[in-house]
Amino acid sequence: MKIGIVCYPTFGGSGVVATELGKALAEKGHRIHFITYSQPVRLDFFSENISYHEVTAATYALFDYVPYESALTSKLVDVARYEKLDILHVHYAIPHASVAYMAKKILATHGINLPVVTTLHGTDITLVGRDSSYEPVVTFAINHSDGVTAVSESLRRDTFANFKIENEIEVIHNFIDLRRFNKQPKDHFRKAIAPNGEKLLVHTSNFRAVKRVHDVVNVFDRVRNSIKSKLLLIGDGPERHNIEQLVRDLELGDDVRFLGKQEMIEEILSIGDLFIMPSETESFGLAALEAMACQVPVISADSGGMPELNVHGVTGYLSKVGDVENMAKHAIEILGNEEVLAKFKQNALARAKEFDIKVIMPQYEAYYQRIIEQTFASKSCR
Ligand code: GMT
């Protein structure tokens, strides 16, 4: 198949999923065309089956806002026509789903019927998409996509609860490439960071309010009182400054390390003992899956799709959002006993294997095939 993929090219989960899916499909022999405004961060190698089409938006003195949607639409029309795409897969509803609809309409005037699949990722539904400044467009675009997928059952439910949806939504869970995400021998790195045998707690996020990074620090503060430990914070974002202040206020000093944005995240996860994800809402929690693949158990909030990934008492624990006492109690339970820790580590890996890309990618292939067939069948009926 010739597949167009639209996504955010940044470190965000939706862009990572889109890029890893495209890479896996290309490996399988499909021809993949990424269409976005800069090279996706995980698209850092050459493949004869992958092309990258950069969207450039001409600006003009009149524009306070560059009309990116128009530029993306034009690029989609161009790529679909000249690369003869069989299907277009857009990740994150805003603005990609409505842009795809517009491109589809323009292509129809050229006699081209392009099936469009929209994948909902999380905040496009649970946070920003619900805002009245976007809601009507998101509802329309979901209802007018040829196929819609959500990355968890929870996100599917939230979509029906928050929008007036008349379309089907298929759940295809997020996935992990275990060839890349696995526990690597990084003992020298561990010794440098934790020279006195400290346990290592890890958190990765974009430091937005929804991630509740202050809960991570508060959990760590409690764990550190009972167990020699350090906290590694990976990523960057708007809350970083407040978190730095909290670390100073709690006098956690060098025991908390801010590592900023990291590309080789699996190397850091390889030395981790426990991953903390206390998010207010998390449609799936891809960062937790990456940790689990590197044998790191997870303490998370019982929010969104987290229970679909993190099995309470097996791969980690789930606590109520904001219940840092309970999170710390569970963290100490796991870290305080080497046998328990080893068991949770094994369980985390076993669970991650259920989300192996080799298991999930064929679900997308089958779904594309179904949507292509349905799109052409419905057209020939009219
Ligand atoms: O806020 C983020 O974590 C980024 C965001 C995105 O769309 O880039 O992540 C969402 O999509 C990920 C990939 O499907 C999911 O694993 C995350 O759970 C989801 N984030 C939230 O729901 C907050």
Side-chain angles (χ1 to χ4, degrees), residues 5-22 24 36-38 40-42 89-97 117-131 134 138 148-159 161-162 169-177 181 203-213 215-216 233-240 261-262 265 275-293 298 300-310 318 321 351-352 355 357 360-361 363-364:
I5 295 184
V6 177
C7 64
Y8 283 101
T10 54
F11 279 87
S14 61
V16 168
V17 168
T19 312
E20 295 297 342
L21 176 62
T36 183
Y37 58 82
S38 74
V41 281
R42 292 250 180 120
H89 187 177
V90 301
H91 291 259
Y92 206 90
I94 308 165
H96 301 147
V117 168
T118 298
T119 289
L120 308 172
H121 277 274
T123 46
D124 45 353
I125 295 301
T126 54
L127 279 180
V128 65
R130 296 166 62 181
D131 191 274
Y134 296 116
V138 173
V148 184
T149 74
V151 299
S152 63
E153 291 288 348
S154 150
L155 184 59
R156 180 178 185 275
R157 279 195 303 274
D158 283 345
T159 310
N162 293 324
I169 301 180
E170 179 98 351
V171 173
I172 304 183
H173 281 115
N174 281 338
F175 51 80
I176 189 86
D177 187 343
F181 283 89
H203 170 79
T204 316
S205 77
N206 49 28
F207 282 60
R208 281 194 260 131
V210 68
K211 302 292 175 180
R212 297 184 66 95
V213 187
D215 283 356
V216 177
L233 293 172
I234 307 167
D236 208 345
E239 288 296 310
R240 164 108 179 234
K261 289 183 183 170
Q262 294 282 335
I265 212 154
F275 191 81
I276 315 287
M277 186 176 246
S279 310
E280 180 88 39
T281 169
E282 199 65 65
S283 66
F284 179 85
L286 183 65
L289 176 57
E290 292 178 345
M292 288 160 71
V298 175
S300 72
D302 189 6
S303 56
M306 283 312 301
E308 292 171 51
L309 173 66
N310 187 18
L318 298 153
V321 174
R351 180 75 178 142
F355 297 90
I357 192 161
I360 307 290
M361 193 262 283
Q363 297 178 19
Y364 275 110

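Remember, it's 1-based here, ligands and their atoms both numbered in the order they're listed.
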Pairs under 3.5 angstrom, nitrogen or oxygen on both sides, ligand 1 versus protein: list them out, please.
| from | atom 1 | to | atom 2 | distance (Å) |
| --- | --- | --- | --- | --- |
| ligand 1 | 1 (O) | N206 | ND2 | 3.2 |
| ligand 1 | 1 (O) | R208 | NH2 | 3.1 |
| ligand 1 | 3 (O) | K211 | NZ | 2.7 |
| ligand 1 | 7 (O) | S14 | OG | 3.2 |
| ligand 1 | 8 (O) | G13 | N | 3.0 |
| ligand 1 | 8 (O) | S14 | N | 2.9 |
| ligand 1 | 8 (O) | S14 | OG | 3.0 |
| ligand 1 | 11 (O) | H121 | O | 3.2 |
| ligand 1 | 14 (O) | H121 | ND1 | 2.6 |
| ligand 1 | 14 (O) | N174 | ND2 | 2.8 |
| ligand 1 | 16 (O) | N174 | ND2 | 3.4 |
| ligand 1 | 16 (O) | G285 | N | 3.2 |
| ligand 1 | 16 (O) | L286 | N | 3.0 |
| ligand 1 | 18 (O) | E282 | OE2 | 2.6 |
| ligand 1 | 18 (O) | S283 | N | 3.3 |
| ligand 1 | 18 (O) | S283 | OG | 3.3 |
| ligand 1 | 18 (O) | F284 | N | 3.1 |
| ligand 1 | 18 (O) | G285 | N | 3.0 |
| ligand 1 | 20 (N) | E282 | OE2 | 3.1 |
| ligand 1 | 22 (O) | S283 | N | 2.9 |

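Minimum interatomic distance between T204 and A287 (heavy atoms only, all atoms of both residues): O-CB, 4.2 Å. Here the closest heavy-atom approach between residue C7 and residue P40 is recorded as SG-CG, 4.5 Å.
Not a single ring-ring contact (aromatic ring centres under 6.0 Å, His included) links H203 to another residue, sequence neighbours left out. Judged as a ring-ring contact (aromatic ring centres under 6.0 Å, His included), and not counting sequence neighbours, the contacts of F355 are H173, F284. By the side-chain contact (heavy atoms from CB on, under 4.5 Å) test, D158 pairs with I125, T126, S154, N162, sequence neighbours left out.
Taking the six-membered ring where tryptophan is involved, the planes of H121 and H91 are tilted, since the angle between them lies from 30° to 60°.
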